[in-house]
Amino acid sequence: MNLADPPFDTRTLRDAFGCFATGVTVVTGRAADGSRIGLTANSFTSVSLEPPLLLFCPANSASALPALRATGRFAINILDLDGQPVADRFTRKGIDRFADADWEEWDGLPILSDAKAAFACTLHADHDGGDHRIIVGRVTRFGQAPERESLLYLHGRYRRVHVG
């Protein structure tokens with residue numbers, strides 16, 4: 001193992017963080033004017049069953065973050081193997097991120113029809129996380145498609161789960 005001492009090179013630190021496989025999500029919501037907003041996030045985890053809480057960590061610079069914080073409502077869409085194009089779209093700027101995919105509405109929140117799982121949430125807590133925010137949501141509704149395979153992200157690339 002190569003040991004790194006402070007100050008850390010950010011690329012090397014990112015590579016070390018990337019050694020942990022994560023799922024891939026698209027966080028969606030609506031701005032105050034009703035327009036759909038969203039971002040891709042792989043920093044997502046469950047927090048609590050009672051009450052039902054989850055969290056994601058968007059970059060402070062994420063264009064959708066101010067609206068998500070202001071409205072206090074969002075959805076987490078966990079992507080399946082076919083969701084890579086959706087994930088890629090939600091990282092781009094200046095395009096309709098919601099094009100080329102089918103969407104449903106849950107209580108006014110956009111939900112990806114082909115998501116592996118989806119959670120509608122209200123904002124429970126919002127914490128400083130350095131160059132990111134730690135957004136904790138209280139789950140108000142969820143659905144899942146257990147027959148779909150999850151899309152993973154590891155070592156800076158999308159991956160598949162190899163189930164034996």
Side-chain angles (χ1 to χ4, degrees), residues 14 18 21-48 51-154 156-161:
R14 179 182 286 236
T22 66
V24 182
T25 72
V26 169
V27 181
T28 56
R30 291 209 178 264
D33 67 2
S35 60
R36 296 184 295 184
I37 55 171
L39 56 96
T40 297
N42 70 333
S43 55
F44 161 82
T45 192
S46 60
V47 174
S48 171
L53 301 176
L54 55 74
L55 70 76
F56 74 102
C57 301
N60 289 332
S61 61
S63 60
L65 180 59
L68 292 172
R69 292 174 76 194
T71 62
R73 298 180 67 235
F74 58 88
I76 304 286
N77 300 272
I78 297 176
L79 302 184
D80 72 355
L81 285 180
D82 296 327
Q84 183 176 339
V86 174
D88 289 341
R89 276 192 86 72
F90 274 77
T91 64
R92 297 176 52 204
K93 296 182 185 212
I95 64 166
D96 178 3
R97 294 176 174 175
F98 291 85
D100 299 332
D102 293 325
W103 297 89
E104 303 172 14
E105 292 284 326
W106 289 1
D107 304 325
L109 293 171
I111 302 293
L112 182 64
S113 297
D114 292 330
K116 164 80 173 162
F119 304 88
C121 300
T122 56
L123 183 63
H124 179 79
D126 181 349
H127 303 284
D128 175 36
D131 59 3
H132 283 65
R133 298 298 303 171
I134 302 166
I135 305 294
V136 181
R138 184 179 185 116
V139 178
T140 59
R141 178 181 283 192
F142 75 94
Q144 61 181 319
E147 70 280 3
R148 294 189 178 126
E149 292 288 333
S150 297
L151 179 63
L152 296 183
Y153 199 73
L154 175 66
R157 295 183 16 219
Y158 295 107
R159 308 288 181 143
R160 296 174 168 261
V161 176

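For the numbers below, each heavy atom of this structure counts, side chains included, while hydrogens, waters and symmetry mates do not.
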message: Using the side-chain contact (heavy atoms from CB on, under 4.5 Å) criterion, which residues pair with R138? Sequence neighbours excluded.
response: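 Listed in chain order: P51, P52, L53, T122, H124.
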If we only count heavy atoms from C-beta on, is the [X] to [Y] side-chain gap below 4.5 Å?
{"X": "L39", "Y": "L68", "value": "yes"}
{"X": "D114", "Y": "R148", "value": "yes"}
{"X": "D80", "Y": "D82", "value": "yes"}
{"X": "L79", "Y": "V26", "value": "yes"}
{"X": "T140", "Y": "W106", "value": "no"}
{"X": "Y158", "Y": "V24", "value": "yes"}
{"X": "L112", "Y": "W103", "value": "yes"}
{"X": "R133", "Y": "D128", "value": "yes"}

Any donor-acceptor N/O pair, [X] side chain to [Y] backbone, under 3.5 Å:
{"X": "K116", "Y": "P146", "value": "yes"}
{"X": "T71", "Y": "A67", "value": "yes"}
{"X": "T40", "Y": "A87", "value": "yes"}
{"X": "R73", "Y": "D107", "value": "yes"}

message: Just by distance, no angles: are the side chains of N42 and T22 close enough, under 3.5 Å, to form a donor-acceptor pair?
response: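 Looking only at side-chain atoms, T22 and N42 do form a donor-acceptor pair, the distance falling under 3.5 Å.
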- request: Give the C-alpha distance, both sets of side-chain angles, the deciding distance and a yes or no for side chain to side chain contact (heavy atoms under 4.5 Å, CB included) between I78 and F119.
  value: CA-CA 9 Å; I78 297 176; F119 304 88; 3.7 Å; yes
query: Hey, which of I76, V27, L55 is the one that makes side-chain contact (heavy atoms from CB on, under 4.5 Å) with F44?
result: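 Testing each of I76, V27, L55 against F44, the sole residue satisfying side-chain contact (heavy atoms from CB on, under 4.5 Å) is I76.
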field: side-chain hydrogen bond (donor to acceptor under 3.5 Å, both in side chains) against E105, all qualifying residues, sequence neighbours excluded
entry: R30
message: Going by side-chain hydrogen bond (donor to acceptor under 3.5 Å, both in side chains), name the residues that satisfy it together with T91, two or more places apart in sequence or in a different chain.
response: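 In terms of side-chain hydrogen bond (donor to acceptor under 3.5 Å, both in side chains), with neighbours along the sequence ignored, T91 is linked to no residue.
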